[in-house]
*Asks:* 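A single structure is presented below for examination.
The structure presented is a predicted model; accordingly, all values stated were derived computationally and were not measured. Ligands are counted one by one from 1 in listed order, and the atoms in each one are counted from 1 as well.
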Amino acid sequence: MAGSAASDCVPDRIGYITRVQSFSACHRLHSVHLNDEENKEVYGKCNNPNGHGHNYKVEVTVRGKIDRLTGMVMNLTDLKKCIEDVIMTPLDHKNLDKDVPYFANVVSTTENLAVYIWDNMVKALPPKLLYEIKIHETDKNIVIYRGE
Ligand SMILES: Nc1nc2c(c(=O)[nH]1)N=C([C@H](O)[C@H](O)COP(=O)(O)OP(=O)(O)OP(=O)(O)O)CN2
Ligand SMILES: [Zn+2]
């Protein structure tokens with residue numbers, strides 16, 4: 001088209017960027033929808049009344065157009081600030097079940113933790129950027145949530 005810049009014809013490039021953050025917290029797997037015996041049966045050692053702790057590692061991935069001017073999907077410094085507000089402030093060095101109101105009636109499995117982080121991260125980020133929350137509860141137990 002006359003007058004268009006050559007770059008107008010080049011399709012957008014889509015990139016994925018991830019920032020990793022670790023935090024420590026304790027919890028107990030215990031459902032208010034099950035009785036004590038059922039809780040013991042379902043959650044075993046993780047239902048121990050005094051709880052247990054984890055060094056969680058969370059990977060937050062955003063997906064979007066690589067801006068032609070800035071070369072960025074988003075500024076990782078801004079993502080770092082969102083992670084501080086959404087993950088570190090409410091969760092680090094906390095008892096998930098007692099310190100985080102969301103988990104008063106929601107069992108603090110890593111699946112539900114991923115949903116909690118997603119729901120808050122999606123509000124903190126620009127629209128449609130959040131792609132995935134991946135949580136390493138232990139070296140062997142990993143949960144992925146993509147907002148579905
Ligand atoms: N679907 C889920 N299952 C379990 C969850 C969970 O969040 N979602 N969580 C737990 C416990 O919280 C527990 O802490 C897991 O610890 P553990 O079994 O000790 O962890 P590992 O398997 O990595 O340890 P091993 O070294 O293999 O003993 C349980 N289930
Ligand atoms: Zn646990």
*Asks:* What is the minimum heavy-atom distance between I135 and I117, and which atoms define it?
*Replies:* CD1-CD1, 4.0 Å

*Asks:* Just by distance, with hydrogens left out, do E137 and T110 show a side-chain donor and acceptor under 3.5 Å apart?
*Replies:* yes

*Asks:* H52: which N/O/S atom is nearest the Zn ion (ligand 2)?
*Replies:* NE2

*Asks:* Can you tell me the protein heavy atom closest to atom 26 (O) of ligand 1 and the distance?
*Replies:* K140 NZ, 2.8 Å

*Asks:* Considering only the protein, which heavy-atom contact is closest to atom 30 (N) of ligand 1, and what is its distance?
*Replies:* L29 CD1, 4.4 Å

*Asks:* Would you name the heavy atoms of C82 and A124 that are closest together and state the gap between them?
*Replies:* SG-O, 3.7 Å

*Asks:* Looking only at protein heavy atoms, which one is nearest to atom 22 (O) of ligand 1, and what is the separation?
*Replies:* N141 ND2, 3.5 Å

*Asks:* Pull out every atom of ligand 1 sitting under 4.0 Å from any heavy atom of T138, numbered as shown with elements.
*Replies:* 20 (O), 21 (P), 23 (O)

*Asks:* Checking contacts here: is it the side chain or the backbone of L113 that comes within 4.0 Å of ligand 1, counting heavy atoms only? Could be both or neither.
*Replies:* neither

*Asks:* Side chain or backbone, does H54 bring an N or O within less than 3.5 Å of an N or O on ligand 1?
*Replies:* yes

*Asks:* Do L29 and N47 touch side chain to side chain, with heavy atoms closer than 4.5 Å?
*Replies:* no

*Asks:* Quick check: does H54 have an N/O/S atom under 2.8 Å of the Zn ion (ligand 2)?
*Replies:* yes

*Asks:* Protein heavy atoms near atom 7 (O) of ligand 1, is at least one of them under 4.0 angstrom away?
*Replies:* yes

*Asks:* What are the atoms of ligand 1, with element, lying closer than 4.0 Å to any heavy atom of C46?
*Replies:* 10 (C), 11 (C), 12 (O), 13 (C), 14 (O), 29 (C)

*Asks:* Find out whether R146 and I144 are in side-chain contact, i.e. whether some heavy atom of one side chain is under 4.5 Å from a heavy atom of the other.
*Replies:* yes

*Asks:* Closest approach of L34 and N39, non-hydrogen atoms and distance?
*Replies:* O-ND2, 3.0 Å

*Asks:* Check whether D99 reaches the backbone of K94 with its side chain - one donor and one acceptor, N or O, closer than 3.5 Å.
*Replies:* no

*Asks:* Tell me the nearest of H27, E111, R28 to atom 2 (C) of ligand 1, using heavy-atom distances.
*Replies:* E111

*Asks:* For atom 28 (O) of ligand 1, which protein heavy atom lies nearest, and how many Å away is it?
*Replies:* K45 NZ, 4.0 Å

*Asks:* H27 and D97: side-chain donor and acceptor closer than 3.5 Å?
*Replies:* no

*Asks:* Within the structure provided, determine whether Y43 and S31 are in side-chain contact (heavy-atom separation under 4.5 Å).
*Replies:* yes

*Asks:* Quick one: sort the F23 and Y56 rings into parallel, tilted or perpendicular, breaks at 30° and 60°.
*Replies:* parallel

*Asks:* Return the residue, atom name and 0.1 Å-rounded distance of the protein heavy atom closest to atom 12 (O) of ligand 1.
*Replies:* E137 OE2, 2.9 Å

*Asks:* Consider every N or O of T109 and every N or O of ligand 1, then say whether any pair is closer than 3.5 Å.
*Replies:* no

*Asks:* Applying a 4.0 Å heavy-atom criterion (strictly less than), which segment of T110 is in contact with ligand 1: side chain, backbone, both, or neither?
*Replies:* both

